Peer 1: 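Take this structure first; my questions come after.
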Number of protein chains: 2
Amino acid sequence: MISQKARYALRALLALAEGKSPTIGEIAEEQKIPRKFLEQILLDLKYQGLVSSRRGRSGGYELHMPADQITFGRVLRIIDGPIAPLPCLSRTAYKPCNDCRDEKTCEIRRVFARVAESARDVLDRVTIAEAMQKPGLAEVGDLSETEAKSA
Amino acid sequence: MISQKARYALRALLALAEGKSPTIGEIAEEQKIPRKFLEQILLDLKYQGLVSSRRGRSGGYELHMPADQITFGRVLRIIDGPIAPLPCLSRTAYKPCNDCRDEKTCEIRRVFARVAESARDVLDRVTIAEAMQKPGLAEVGDLSETEAKSA
DNA sequence: ATTAAACACTACAAGTTTAGTAGAGTTTCA
DNA sequence: TGAAACTCTACTAAACTTGTAGTGTTTAAT
C-alpha cells in the first residue's frame with residue numbers, strides 16, 4: 001500500500017498540471033486534502049524541484065517542470081521512499097537484507113526482482129501528463145484491467 | 001517493502017519444502033530468525049493451513065500441502081495483508097479510498113491498477129516449489145533481471 | 001507604510017504498525 | 001515423570017503515519 005500522503009501528492013500534482021497557479025487552500029479544498037498536511041507535502045515536492053511557489057498576496061503553486069517529465073515513480077520515491085519490495089533490490093536506497101546469506105542465490109530476492117521490475121516498468125514510465133489523459137485514446141501500455149476490481 | 005516478518009515466513013516455508021520435519025529451533029538457527037518470533041509466524045501459517053505441526057518429544061513442523069500449491073501471494077496476504085497498492089484495488093480487502101471522488105475516472109487508480117496486476121501476475125503464480133529451483137533450468141517466466149540491481 | 005493574504009518552517013502528538021520478548025501452559029515420548 | 005517440543009497470550013520499545021498548531025516571512029494592494 002502506498003501512503004495516504006503519496007496519494008495526496010499525486011492528486012496535488014495532477015491538479016497543478018491543469019496549468020493554473022492555485023493556492024494551497026484552493027488545492028486542499030478541491031482535492032479534499034487537509035490543508036496543513038498539504039503544505040508539508042508541497043514543500044517536499046518543492047525541495048525536490050517538482051513544483052515552485054510564489055509567496056505573498058497573490059501567491060500560489062505551479063509545476064516547475066513539464067508534466068510529462070514527472071513520473072509516478074519519482075513522486076513515490078520522494079514521499080514514500082524506495083519502491084523496491086526488498087532493501088537489497090532498491091536502486092535508490094540499496095541495503096543488504098540482514099537475514100540473507102547470499103544475494104546471488106537468494107530465492108526470495110529472485111522472485112521479488114521480477115515484481116520490482118514490473119512495478120518500475122509502470123511507475124517509472126507513466127507521467128502525470130499521461131495519467132491525466134482520458135482513457136479510450138491511444139495509450140502507452142495496456143489498460144484493459146480498468147474494470148476488474150482485483151488484487 | 002514487504003515486512004521482515006513476511007521474509008521470515010517465506011524463508012521458513014522454503015526450509016520446510018526441503019521435506020524434513022525440523023523443529024522451530026532448527027529452522028530459527030538455520031535461517032537466522034529470532035526463535036520466539038518464528039513461533040508466532042509458524043502459528044499463523046498453521047492457522048491458515050499452510051503448515052502442520054507435531055507436538056511433544058520429537059515434534060516439528062512440515063508443509064501441510066504440496067510446495068507447488070503455495071504461492072508467494074498467499075503467504076504475503078497472510079502475513080502482510082493485501083498486496084494491492086491502493087485499498088480500492090484490493091481483491092481480498094476492498095475499501096474505497098476516502099479522498100477519491102469517482103473510482104471509474106480516478107487517474108491514480110488507473111495507473112496503480114496496472115502495478116497491481118503485474119505484481120499479482122508474479123506473486124500469485126510463483127510458488128515455493130518454483131522458487132526453490134536453481135536458475136538456469138527451464139523457467140516459468142522471464143528471469144533475466146537477476147543481475148540488475150535495480151528499483 | 002500598513003496590512004491582509006499567502007507561503008515557510010518547526011514542533012508536537014495520537015494512533016498504528018513493526019519486530020520482537022517474556023512467560024506460563026500443554027502435549028508427547030523415552 | 002521429566003525433558004523437549006509446540007501453544008497461546010500479553011507486553012513493549014521504536015518507528016511510522018497522519019495529521020494539528022503556531023510562529024515567522026514575503027508580497028501586493030491600498
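Bear in mind that the values here come from a model prediction, so they are computed numbers and not experimental data. Residue numbers start from 1 in every chain, and the chains themselves are labelled A, B, ... in the order their sequence lines are given, proteins ahead of strands.
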Peer 1: Figure out the CD/C1' separation between Q40(B) and dT18(C), and round it to whole Å.
Peer 2: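 Taking CD of Q40(B) and C1' of dT18(C), I get 11 Å after rounding.
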Peer 1: Can you name the closest pair of heavy atoms from C106(B) and R11(A) and give their distance?
Peer 2: SG-NH2, 4.1 Å
Peer 1: What is the nucleic acid contact for K5(B), judged by heavy atoms within less than 4.0 Å: base, sugar-phosphate only, or nothing?
Peer 2: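 Counting heavy atoms under 4.0 Å across all strands, the contact made by K5(B) is with sugar-phosphate only.
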Peer 1: If I take atom CG in residue L45(A) and atom P in nucleotide dA8(C), what distance separates them, rounded to the nearest angstrom?
Peer 2: 12 Å
Peer 1: So for R55(B) and dT28(C), does any side-chain atom that can act as donor or acceptor lie under 3.5 Å from a complementary atom in the base?
Peer 2: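 Side chain to base: no pair present.
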Peer 1: Just to be sure I understand the rule, does I24(B) reach a base, reach only the sugar-phosphate, or reach nothing, if contact means heavy atoms closer than 4.0 Å?
Peer 2: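 Since only primed, P, OP1 and OP2 atoms lie under 4.0 Å of I24(B), the category is sugar-phosphate.
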Peer 1: Could you give the CG-to-P distance, from L43(B) to dG25(C), as a whole number of Å?
Peer 2: 18 Å
Peer 1: Quick one: which of dC9(C), dC6(D), dC7(C) gets closest to the side chain of Y47(A)?
Peer 2: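 For Y47(A), the side-chain atoms sit closest to dC9(C).
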Peer 1: Answer yes when E117(B) and R114(B) have at least one side-chain N-carboxylate O distance shorter than 4.0 Å, and no when they do not.
Peer 2: no
Peer 1: Can you measure F37(B) atom CZ to dT12(D) atom P for me and round it to whole angstrom units?
Peer 2: 18 Å
Peer 1: Here's a test of your reading of the structure: between S3(A) and R57(A), which maps to the more 5' nucleotide of DNA chain D?
Peer 2: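 Taking each residue's closest nucleotide, the earlier one in sequence belongs to S3(A).
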Peer 1: Got a salt bridge between D80(A) and K5(A), using NZ or NE/NH1/NH2 to carboxylate O under 4.0 Å?
Peer 2: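 A salt bridge is absent here (no side-chain N lies under 4.0 Å from a carboxylate O).
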Peer 1: Is any NZ, NE, NH1 or NH2 atom of the basic residue among D102(B) and R109(B) found under 4.0 Å from an Asp or Glu carboxylate oxygen of the other?
Peer 2: no
Peer 1: Let me know the distance between CG of D44(A) and C1' of dC9(C), rounded to the nearest Å.
Peer 2: 12 Å
Peer 1: Go through residues 6-13 of chain B and report each residue with a non-hydrogen atom lying under 4.0 Å from DNA chain D, sorted by number.
Peer 2: none
Peer 1: Is a donor-acceptor pair below 3.5 Å formed from side chain E39(A) to base dC9(C), judging by atom type as modelled?
Peer 2: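 Side chain to base: pair present.
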Peer 1: Can you tell me how far C1' of dA6(C) sits from CD of E26(A), to the nearest Å?
Peer 2: 11 Å
Peer 1: DNA chain C: S58(B) or D80(B), which has the more 5' nearest nucleotide?
Peer 2: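 Nearest-nucleotide comparison on DNA chain C picks D80(B).
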Peer 1: Could you state the atom-to-atom distance from CD1 of I41(A) to C1' of dC7(C) in whole Å?
Peer 2: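 Rounded to the whole Å, the gap is 15 Å.
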Peer 1: Nearest to the P34(A) side chain among dT7(D), dT20(D), dA8(C), which nucleotide is it?
Peer 2: dT20(D)
Peer 1: Rounding to a whole Å, what distance do you find between Q4(B):CD and dC16(D):P?
Peer 2: 14 Å
Peer 1: Answer yes if the side chains of T127(B) and D68(B) hold a donor-acceptor pair under 3.5 Å, and no otherwise.
Peer 2: no
Peer 1: Of the listed nucleotides (dT7(D), dT21(C), dA5(D)), which one gets closest to any side-chain atom of T23(B)?
Peer 2: dA5(D)
Peer 1: As an exercise, state the distance from CD1 of I108(B) to CZ of F112(B), rounded to the nearest 0.5 Å.
Peer 2: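 Atom-to-atom, I108(B):CD1 and F112(B):CZ are 7.5 Å apart.
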Peer 1: Answer yes if the side chains of K46(B) and S53(B) hold a donor-acceptor pair under 3.5 Å, and no otherwise.
Peer 2: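 Side-chain D/A pair, K46(B) to S53(B): present.
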